[in-house]
Number of protein chains: 2
Amino acid sequence: MRYKIKYMAINKSNIFPEEVQELAALAKALGHPARIAILQALAQKQSCICGEIVEILPLSQATVSQHLKALKEAGLIKGEVEGVKSCYCLNLEYLEKMSPLLNQFFKNILTPGCC
Amino acid sequence: MRYKIKYMAINKSNIFPEEVQELAALAKALGHPARIAILQALAQKQSCICGEIVEILPLSQATVSQHLKALKEAGLIKGEVEGVKSCYCLNLEYLEKMSPLLNQFFKNILTPGCC
DNA sequence: ATCTTATATCGCAAATATACGATTAATGTT
DNA sequence: AACATTAATCGTATATTTGCGATATAAGAT
């Protein structure tokens with residue numbers, strides 16, 4: 001009978017370069033159809049809609065709320081309470097900062113030379 | 001004593017529009033620093049490197065292999081065996097197709113009008 | 001004050017992702 | 001044939017994500 005030393009599933013994300021982490025975090029937030037759809041919905045409506053999103057998406061209120069939270073925590077959207085309702089809108093500052101960075105990432109990657 | 005009917009965590013991703021799913025799938029693949037770093041490494045080296053990636057990344061061989069598999073299955077990279085070694089490179093077709101789509105997504109979202 | 005409405009959060013189940021050691025498979029080398 | 005090297009895969013532990021019902025909270029309406 002012998003012991004097995006057990007490794008643990010430590011999160012190693014934070015040992016990558018800051019800029020790499022930033023891109024990955026953005027991508028992660030975009031990495032679910034519901035969240036893409038939420039961003040599109042927020043952009044389409046002129047005003048910042050709230051629970052209307054729940055009606056648009058084929059998901060429960062609880063689940064939509066969760067996705068909104070994820071988007072908010074990642075910085076893609078902002079949210080504020082307006083009476084009973086809760087009003088979300090795109091975080092333009094963040095998105096306008098990150099969009100070119102992501103684009104630059106692809107540009108850098110797609111320079112001829114590879115393969 | 002009464003039963004609780006238990007809902008199951010069905011994956012609802014596939015009921016979103018095709019184009020939304022496509023973007024989300026791309027983003028999901030990019031949603032980890034290791035995978036961003038792998039793509040950058042593949043782009044930097046002229047030739048398609050293989051196990052060199054393992055040396056660059058602060059992760060075990062098994063883990064890197066797993067990330068490579070994820071990138072391959074998502075279509076971002078291609079891989080082929082070359083003797084003992086295994087050689088990966090960017091899937092330029094896919095990336096050159098998706099980069100503008102992602103860019104367009106941001107453009108659509110960032111049209112003035114919201115909030 | 002009670003009732004309704006809107007949304008966040010809790011608690012749970014299930015699925016997926018992350019990480020690695022150990023092993024396997026397949027090729028190259030001696 | 002035996003050994004070394006490379007990389008995929010298996011098995012496992014743990015963490016995170018996805019999803020929803022139920023509940024809590026807080027504001028508005030009656």
Side-chain angles (χ1 to χ4, degrees), chain A residues 2-16 21 24-25 27-38 48-74 77-89, chain B residues 2-16 21 24-25 27-38 48-74 77-89:
Chain A
R2 63 194 187 75
Y3 292 93
K4 271 191 181 183
I5 287 111
K6 275 296 160 190
Y7 40 82
M8 56 246 115
I10 284 174
N11 188 354
K12 291 202 159 183
S13 290
N14 51 325
I15 57 184
F16 288 88
Q21 285 187 57
K28 193 176 183 182
L30 294 173
H32 192 287
R35 292 194 289 270
I36 296 276
I38 287 173
C48 310
I49 44 157
C50 13
E52 300 168 327
I53 302 165
V54 176
E55 304 213 337
I56 294 169
L57 297 199
L59 297 168
S60 77
Q61 182 264 318
T63 304
V64 170
S65 197
Q66 226 170 231
H67 282 300
L68 285 167
K69 194 182 176 189
L71 285 168
K72 196 177 170 187
E73 282 179 356
I77 64 174
K78 291 189 277 189
E80 54 184 63
V81 187
E82 267 187 19
V84 211
K85 309 201 175 178
S86 180
C87 181
Y88 289 96
C89 62
Chain B
R2 62 192 188 77
Y3 291 94
K4 272 191 179 180
I5 286 113
K6 276 298 163 191
Y7 40 83
M8 55 245 118
I10 284 175
N11 189 351
K12 291 202 158 183
S13 291
N14 51 323
I15 58 185
F16 288 88
Q21 285 186 58
K28 193 176 184 182
L30 295 172
H32 192 287
R35 292 194 289 271
I36 296 275
I38 287 172
C48 311
I49 45 156
C50 14
E52 300 169 327
I53 302 167
V54 176
E55 304 214 335
I56 296 171
L57 297 200
L59 297 168
S60 77
Q61 182 264 318
T63 303
V64 171
S65 198
Q66 228 170 229
H67 283 301
L68 285 166
K69 194 183 176 189
L71 285 169
K72 197 177 169 187
E73 281 178 357
I77 65 174
K78 291 188 277 189
E80 54 185 65
V81 188
E82 267 189 18
V84 211
K85 309 201 175 177
S86 180
C87 180
Y88 290 95
C89 61

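Note that the structure is predicted; figures quoted are calculated from it, not measured. Proteins come first, then strands; the chains are lettered A, B, ... in the order of their sequence lines, and each starts at number 1.
In this structure, B:K12 contributes its side chain and A:L59 its backbone to no donor-acceptor pair below 3.5 Å.
Rounding to the nearest 0.5 Å places CD of B:Q61 at 10.5 Å from CD of B:Q66. Taken from NE2 in A:H32 to CD in B:Q21, the straight-line distance is 9.5 Å, to the nearest 0.5 Å. A:Y88 contributes atom OH, which lies 5.0 Å from atom CG of A:L68 (distance to the nearest 0.5 angstrom). The distance from atom CD1 of B:I77 to atom CD1 of B:I38, rounded to the nearest 0.5 Å, is 6.5 Å.
A sub-4.0 Å separation between OP1 or OP2 of C:dA8 and a side-chain N or O of A:Y88 is present. In this model, the phosphate group of D:dA8 is approached by a side-chain N or O of B:S86 to a distance below 4.0 Å at OP1 or OP2. Contact annotation: B:K12 reaches the phosphate of D:dC20 (side-chain N/O to OP1 or OP2, under 4.0 Å).
DNA chain D is contacted by B:Q61, B:A62, B:S65 of residues 57-68 of chain B, taking any non-hydrogen atom closer than 4.0 Å.
Summarising the geometry, the separation between CG on A:L71 and P on D:dT18 is reported as 10 Å, rounded to the nearest angstrom. One can place CG of A:N11 at 8 Å from C1' of D:dA15, the figure rounded to the nearest angstrom. Rounded to whole Å, the distance from CD1 on B:I15 to P on D:dT18 is 14 Å.
B:K28 comes within 4.0 angstrom of the backbone, heavy atoms only, and of no base.
Applying the side-chain hydrogen bond (donor to acceptor under 3.5 Å, both in side chains) rule to A:S65 yields no partners; only residues at least two apart in sequence or on another chain are considered.
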Applying the Watson-Crick and G-U criteria (both distances under 3.5 angstrom) with [ ] for crossing and | for other-strand pairs, one obtains for DNA chain D ||||||||||||||||||||||||||||||
